[in-house]
Structure formats: C-alpha cells, structure tokens
Amino acid sequence: MIAIRNHLQKDVFTPQEERLLGLVFVWKAGKKRKNCILCAAVSTDRPYQTSLVKFKKADKGEVYKQVAWWSFEDLLVVDGKNADKDNPEFDLQFDKVYKWVASNSGEKNNFMSCLFKLNRRYLHNRIKFLNVSSRILEESLRPPMEQRARGPVEEEEEVGVYQELTSKEAFDIEKLMEQFDESISNSEAFAEKMSKDLHVLDEANIRSIIVSEKQVTEMMEMIDVSLVEVKNIEQTLQTYEELLQSVKEQMDHIHQSNYQLQVIDCNQQKLLEEVIFLVQNLDLAEEHQHALRNGDLSTPESLQSCIVAVEALNNCMHVKLFPGHRKLQSVVEQLIKFENMRQQFESRFIRHINVMFVLQGNDQSISLVQQSGELIFPNHKLYQDELLPFSPLMAWIKSNSPAIFADLSKVYAENIRKLYDKQTKEFFDLVKYRLTGIKEGMRFRIQESFEKLTASTSNLQKTLFRSSLYEHLGSETDLADRGMMDKAKDEQNKEWSSSTFCTQIIDQVLAELEPICIAEEEFISKFFMLTEDTCSEPPQLLCSKSDLVLTVNQESTERVRIYQSAAEQEDSGISSKRKMMSEIFSTLELDLKAFVNLCDKINPSNSLHLLVIVGQRALIAQDCDPSSFLKSTFGNILVHVKRNFDKCISALCKQIEEAKVPKKTKIGILPFVIGFEEFGTVAEAIFKNAERRGDLDKAYNKIIATVFTSIENIASMNLKTPPDVVIMENFHHIYLFLSELKIPSLEDRKKEAVQKYSDHRDLYVTKYLGQPLEKLNIFFDGVKARIAQGVKEDEVSYQLAFSKQELRKVIEKYQGKEVKKALENLYKKVVKHLSDEDTLLQVVWSTMQEEFVRQYKEFEETIARCYPGSGITMNFTIDDILQYFLEITKSIKQPTV
C-alpha cells in the first residue's frame, strides 16, 4: 500500500499541488467485485481545498486513471454501518448515497479516522459521522505526543510514508545551502554544525521563558491593584445613578405630556383636511344643478351646459371615498342627492334621444321622387350632425348604464333602418326603371318576361351578348307590355345600343352606396363609441387583398364552400360595429344581389362589367378599412357576381356542347365560333384596365376547350361539307382572331389551333387532289415495286410491263388540255366545299399546286433514272402547270353562298 501511495502522490497529486492524506481499496456493494482506490487529498496552497478522488487501475501497465471526483465540502454523512463490530462496509452521502466495501476493516477504520480529522480541521465538524466506533474518533482527537506512542507497526508505516517537499520548503533549503556552499562538502561536519546551532537556539528559548515568568508575576500584581481601583469607581457610579433616577422619572412625565399634545394637533389637522376634501369634491355648483334639472337639450348652448354639468356630476359621484366617509350622514345625503339628479337627467335625456331616433326613422321630407328622377341616394349628414353633439352624453350613458346604452343603440338601428329600407327601395326601383324603362306597376310583367328570356337563350343563331332586353322578347309578351317597352326602347335607344349604359348604371349605383355606408359606419363609430371595439372578429370572407384574389380565382364549388364557412363563423361571433351596420342595412345586400341578377338578365356581358367594377370596389374597400362593413358587403356581392358569371359560362359551354347544324347545307364558320370571337372582343374591351383577370382567363380556357371539342364532334357527323374542311376553316378562324386579340392565357390554344388547321388542310389536299395522273401513278408505283424486289433501275425498261413503249402509251393519255380540265373540276369542288374566306381558298389552292408540282417532279426523276437516253418526256411542263392554276383562278369565280 505504501508503494501505491507513493506512486499516486508522485504521479497524480504532486503535479496538482495536492497532498495525499489517506486511501482505501474498495468496490461497490452489491455488485461484482471491481477493485478501485478511494483517496482523500488536500491542496498545498491556501485556501486549502479538500477532495475525494476515485482511481481505477488501467488495463495495461501500472497506471491509475481517475474515474470520479467529489469536493469534500459536498460530503454530508459518513455511515460506518456498525460501530460495535468490525465491518468493511461504509456509505458516503453526497447528492446521493455511495455504498462501498473496503478490502478489510483496518483500512476502513484508518480511512474513517482520516475523514474525521479533515472534517474537524477544515470543515469545523460539519459532516455527520454515524455508526462509527468512538474509539476511532477519540484516537483521532489525541495530541500528537500520544499518537506517537501507538504500535510499532503503525509508527513504522507512518514514518515510511514519503512526503515530498513543497516548492517553498525546497526554496528555503536551497537558500540555506547556498550560504554554506563551501562548508557542505563534508555532510557530517555540516550536520554537526547544524546540531550545535540548534542547541544554542534551545538555550536561548529557555532563558527567554525564565525572563518572561518574572514579567508575568509583575503584571499580575499590577492587575490586582487595578481591580481595587475599578471597584471604587463602580461604587461612585452607583451613587450617581441613584441621584439621576428621580430626574429621569420627571423627564419621562414631561415627554409623555408633549406626545399627547402632538397627537391632538395631528388629529385636528387630519380632520380639517378630510372636511376640506369632502367639501371640495362633493359640492356641485348651482348652475350645474340647474342645467341637470331644467336644461334644454334641443339648443346647442343649453346642451353644452348639460354636458359640462354631467361631467361635474360624474366627477362628484366617482370620488374615491374611504369606508369611513360613507358612514357620515352628510356624505350619504349628498350621494343620494347626486344619484337622484343623475336618474332624473338620464330619464330626460333618454326620452329626448329616443324621440330624435323615431323622428328620423319616420322622416318623409326626403324622397327620390322629389329629386327629379336623378339617381342619387339621399345624404344623411344632416341627421348625423344633429346627433353628434350628444356623443359625450352617450359616452356617459355607456359608462353608467350599459344596458340602457345597448337599448338605445337598438332603438337607433330599428328606426334608421326603416328610413334606409324605404330609401333603398326607392333607389333600386329607380335603377330598375332606368335599366328597363318599366315602372313599379310593371314589376311582375317584366319579371315574367325575364324568365321567358332566360329560357330562350339556347338559340345559338342569336348574338351571345344582347344589346337590349327588347330584342329578344318578341311575341313572348302581350301586346300591351310590348307597346310600353317599345316606347321605352325608342326613348333610350342610344343607351341600349351597347352595354355602356348598364356599365354606367352599375358604377353609379356602387358609387352612390359606398359613401353612404362609409359615412354611416363612421357616425355610429363616433356616436356609439365603437372605434375601440376589442371584440375579436372571426375570419371574414375577404380578410386581405391576397384573400380577395383567392376568392376571385377559385372554382365555383370551392368558393361556395369558403362563403358558407365564413358565414358560419360570422354568425358565431361578430363585432358590435359590424353587427349594428348589418342591422341598419339589413336589405342592402339582398337589393344589390337582385340588381346584379337584373343586370345579368338584361345583357350577359354585364357579368363581366360587374366582375371588374365590384372587384375594384372590393379592393379599394379592403385597402381603406379591412374590417369595414362595406368590405364585407362588396366581398359577398363579388362572390355572387362570380357565381352568376360561372353560371353564364357554364350555360354557354352547355349550349356549345349541344349545338347542331343542318346536314344538307354548307356549314362554314360555326355560330358558336363567331360567338366566342364576340365574347373575347367584348371581354378584352371590358378588362382592358382591370387589375385582375383570373376568372376571365379560366372562362376563356373553359369555353375554348368546349369549342374545340364541339368543332371536332360536328365535323364527325355525316355532313355535306367534308370533316377536314369544317375543322380546317373553324380552327383557321380561331387562330386568326386569337392572333389579333393576343391573349396570353390562350397562347397554347392558339398554337394548337394553327396545328389542327395545318394538319387538316394537308389531309384535305391529299384526299381531294389525290393522284390527278392516276395511270401514271399506277405505272410508276409498279416501277418502284420492281426496284424494291431487286431489279436495277437501268434494267427496269427490259421488263415487258414497264417497257418504254408502255410508258409512252400511258403518257399519251395525259395531254395538257385533259390535265387543265381535271384541275378546273377540282377547283370548283374546293370552292363548293369552302366558305367565303378568300384567303383560305387561296391557301388551299396554293397547297394543291405545290403537291401537284411535287408529283410531276417525282415522275421526271423516275424517268431520268430508269429510262436514261430514251428521250421520253411529259406532254406538259411545270410552267404549263403553273399557268393552268393561274388561269383557273382567274377564269372561275367563287359562287356567292
């Protein structure tokens, strides 16, 4: 163990400037025996730091590696397990308990003694030792002289422990040896010299002790004399204290009297302050009391006096009083007086404001009829300016009587709604009259006409976008109605010549309603203090500009789902301002939807106008105030407009899918192709300056996909016109107007149209031009077959069926006149198949010319290869062919269809 101790001291603790004080071989209790060493060490420098370190022997060599370290200060309890019997087990408790088993009881007891010494010396007995033999602890407390008398084995073991010098000790020895550098050559002589010096020092110490004993005796005698003097002084002080005791009692009595006088003065001062406080804060001026009792709320000056009086009364009633104040009778009487005045004025104000609300709701002074039929919504600024001065009193009512305030807001909403409902009805009746020329009495007849009109829109020969209602009513209305409508048509023929008039009406309607809604919303926000409404609003249909774009661009089914979800959320929790606006303008949204439906029935192109105009208004409302009632209303109307637009597009696609054409006449350009061209022209004009056109692009793609499919379906029917001509002409027409409109979303469709046109043009040319020199084609096909079978080209003429004589016979059958006559018949057939588009006829005829020239050149090349030097040529040249085509074009005119 001594060797291991020296090894650890030298290799581990000395480099760390620590001294190893004790160690023990241990292993963990209850586990497989794995020996390790538990060491107790202390630092060599102040302040001393003690620690416990666990070492484990490395796998190779005699090297010990540190596996755990604990600060001795963290040790709480040392448990020896059994104080009466020798037991190698012990526990050390830090943050948790570590159970150890020592190699033997002697090592354990020595380690316990070492820990006890460290605890006593460095930690002042802070660590608890349990179940440790008292013999071990008493032995640790013995003086050093007694500990030297221990057994020889222990002394020998302790002497044999190697203690390395500290750096300071080594430095002092080196300094001493430098002083006697020349005299230490003989170590024995040096040691003898040091021994003599030590004896001299011991002798000097003994002498100093003897001298100090004499001095101590003298000092003790002087202390005895001092004690006698101190006793005399204490007796004198006792006498003085008895004399001062009577004076102290008199001074205490005077102090008590002064204290009581100060308390009385302080109480009187506080009482005066409380009285002044109550008088100043619970006193209402006479003029304020008069205003509250008799003030006239109908005049501005008296109203202002009432507002000031109410503010003063409110300050008096809300003074912060302590519980003791309310026990004073005068305070109670004053508070009762204030409460009576408040109730009286509150009742008077409520009656006055209710009368104003009712009078406004029943006001008959403003009517659209009195405004010479101009499409102007009445302005309510006069009403609002009349009510705004009462805002401070409404705020006072809201803070003092929330229930009454809520009832007042309901009364206002009910009465002003009556006025708005009446004015909205008159406004939209005038709008309907401006659009249709039908007065209120004709409402049911015009509605019946609209239903008939909607049912008759399946006729594809009519224009997609009707310029007026009356172009399509025809005999479907009775004579009296038709006469009235014809008269109205004559009066407004210019406006109904296009959809511009409807567009102006739509824009004017929205422009009139927008400032009315904004002004009313601003008024109720100020008058009913709704600007600071902290009620959490549910997600609305149009919460941001990006949400608006999403709504515009989504499919119909998805948009309806979002609309329903937003409506459910709006029912579950809506802000007070939005709720009040919805109550006031309860019919506005329904009237706007009816107006939208009317515009759609008058002219389907109005759906496009509405989509652009309402979308722009919704975006503007969103930018101004995302939480406004107007934003929500325009958003819902935009959804309705989009739904109507989708229905219109779906109906148009269905009409195109169900389109039928006569089988015995030349078809030409299909009506729905012309209709799509008109749709694109009108739509591009409407969306020219629009910010959003996502719905239009979707409608374009949906319609044109239906148009493409219907063209091919109609071409596949058994018609008089060849299928290739039907496809070629219609796709060529689509390509031309798509190139003119330059719609970015239809670029792919334009490429597809030109590809279909080119493919079917080539098919038509190949089919109807065919092989005009049929026998020559048959002859040269046989020549190609022989060459494919392995016959050389220059030996083909030796074949009996393909000799030079046979070739001349075939060529003789095709003179120039016969070829020209065949081409004339072909041209007449092409003219009969194609419609009146001259450019397409020229293109097809030019393509046929190129195909015929190609066949001619192929014949000449075959003759030159297979019949060299025969001198055989065709009876006409390429120049003759070009001349034939030119003469045919000039001589035969296209018949008028």
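In this structure, the separation between OG on S409 and CE on M580 is 5.0 Å, given to the nearest 0.5 Å. If you take CG on L271 and SG on C266, they are separated by 11.5 Å, rounding to the nearest 0.5 Å. Interatomic distance, CD of Q66 versus CD1 of I37, reported as 12.5 Å (0.5 Å rounding). In this structure, CE on M529 lies 13.5 Å from NZ on K577, to the nearest 0.5 angstrom. To the nearest 0.5 angstrom, Y64 atom OH is 11.0 Å from C36 atom SG. K631 contributes atom NZ, which lies 9.0 Å from atom CG of N636 (distance to the nearest 0.5 angstrom).
By the salt bridge (Lys or Arg N to Asp or Glu O under 4.0 Å) test, E203 is found to be paired with R207, residues two or more places apart in sequence or in another chain being considered. Qualifying side chain to side chain contact (heavy atoms under 4.5 Å, CB included) partners for V42, counting only residues two or more places apart in sequence or in other chains: R19, L21, Y48, T50, Y122. In terms of the ring-ring contact (aromatic ring centres under 6.0 Å, His included) criterion, residue partners of F13 (sequence neighbours excluded) are, by chain and number, F55. Evaluation of the side chain to side chain contact (heavy atoms under 4.5 Å, CB included) rule for I276 yields L272, Q280 as partners, not counting sequence neighbours. Partners of V332 by side chain to side chain contact (heavy atoms under 4.5 Å, CB included), not counting sequence neighbours, listed by chain and number: I336. Remark: S43 engages no residue in a side-chain hydrogen bond (donor to acceptor under 3.5 Å, both in side chains) (not counting sequence neighbours). D202 is linked by a side-chain hydrogen bond (donor to acceptor under 3.5 Å, both in side chains) to nothing, counting only residues two or more places apart in sequence or in another chain. The side-chain hydrogen bond (donor to acceptor under 3.5 Å, both in side chains) test applied to N400 returns no partner, not counting sequence neighbours. Taking the side chain to side chain contact (heavy atoms under 4.5 Å, CB included) definition, one finds that E107 meets it with M1, V24, F25, S103, N104, sequence neighbours left out. The salt bridge (Lys or Arg N to Asp or Glu O under 4.0 Å) check on E311 picks up nothing, with sequence neighbours excluded.
No donor-acceptor pair closer than 3.5 Å links the side chain of H318 to the backbone N or O of N315. Counting only distance, with no hydrogens or angles, the side chain of Q9 and the backbone of E18 share a donor-acceptor pair below 3.5 Å. Counting only distance, with no hydrogens or angles, the side chain of D265 and the backbone of L261 share no donor-acceptor pair below 3.5 Å. Side-chain N or O atoms of S113 include none that pairs as donor or acceptor with a backbone N or O of N109 at under 3.5 Å. No donor-acceptor pair closer than 3.5 Å links the side chain of S401 to the backbone N or O of I397. Panel note: side chain K108, backbone G80; a donor-acceptor pair is recorded below 3.5 Å. Side-chain N or O atoms of S399 include one that pairs as donor or acceptor with a backbone N or O of W396 at under 3.5 Å. A distance-only check finds no donor-acceptor pair linking the side chain of R5 to the backbone of L23 [under 3.5 Å].
V12 and Q16 make their closest contact through O-CG, 3.4 Å (heavy atoms, listed as atom of the first residue, atom of the second, distance). Residues F338 and C316 approach most closely at CE1-CB, 3.6 Å, considering heavy atoms. The two residues F111 and C39 have their closest heavy-atom pair at CE1-C, 4.4 Å. A40 and C114 get closest at one heavy-atom pair: CB-SG, 4.2 Å. For L75 against Q93, the heavy-atom pair with the smallest separation is CD1-O, 3.6 Å. Across W69 and V53, no two heavy atoms sit closer than the pair CD1-CG2, 3.5 Å.
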Open item on the list: Working note: Q260 + Q256, criterion side chain to side chain contact (heavy atoms under 4.5 Å, CB included); need CA distance, chi angles, decisive distance, verdict.
Closed with: CA-CA 6 Å; Q260 291 177 358; Q256 184 68 22; 3.7 Å; yes
Open item on the list: Using the rule given for side chain to side chain contact (heavy atoms under 4.5 Å, CB included), can you reason through I127 versus F72, listing the C-alpha separation, both sets of side-chain angles and the distance that settles it, and then say yes or no?
Closed with: CA-CA 9 Å; I127 301 173; F72 197 67; 3.5 Å; yes
TODO: Tell me, with the steps shown, if W70 and S51 meet side chain to side chain contact (heavy atoms under 4.5 Å, CB included).
DONE: CA-CA 6 Å; W70 299 274; S51 60; over 6 Å; no
Open item on the list: Let's go through I524 and M581 carefully: what are the C-alpha distance in whole Å and the side-chain angles of both, what is the deciding distance for side chain to side chain contact (heavy atoms under 4.5 Å, CB included) to 0.1 Å, and is it a yes or a no?
Closed with: CA-CA 8 Å; I524 65 172; M581 286 293 293; 3.5 Å; yes
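Residues L328 and L278 are in side-chain contact: their nearest non-hydrogen atoms beyond the backbone lie under 4.5 Å apart. Using a 4.5 Å cut-off on side-chain heavy atoms (C-beta onward), K128 and V78 make no contact. Side-chain atoms of K34 and K28, non-hydrogen and from C-beta on, never get closer than 4.5 Å to each other. Side-chain contact between L38 and L92: present, with at least one pair of heavy atoms (C-beta onward) separated by less than 4.5 Å. At least one side-chain heavy atom of E221 sits less than 4.5 Å from a side-chain heavy atom of T217. Contact annotation: the side chain of L115 never approaches that of N119 to less than 4.5 Å [non-hydrogen atoms, C-beta and beyond]. With contacts defined as side-chain heavy-atom distances shorter than 4.5 Å, the pair F405/M394 qualifies. Side chains of V77 and L130 form a contact here, defined as non-hydrogen atoms less than 4.5 Å apart.
Aromatic ring orientation, W100 versus Y98: parallel (interplanar angle below 30°, classes split at 30° and 60°).
Annotation: K398, atom NZ; neighbour count of heavy atoms from other residues, nucleotides and ligands within 6.0 Å is above 12.
Sorted by first and then second residue, the side chain to side chain donor-acceptor pair (under 3.5 Å) pairs involving residues 71-89 (not counting sequence neighbours) are D79-N131, K81-D91. The ring pair (Phe, Tyr, Trp, His ring centres under 6.0 Å) contacts involving residues 222-272 comprise nothing, where partners must be two or more places apart or lie in separate chains.
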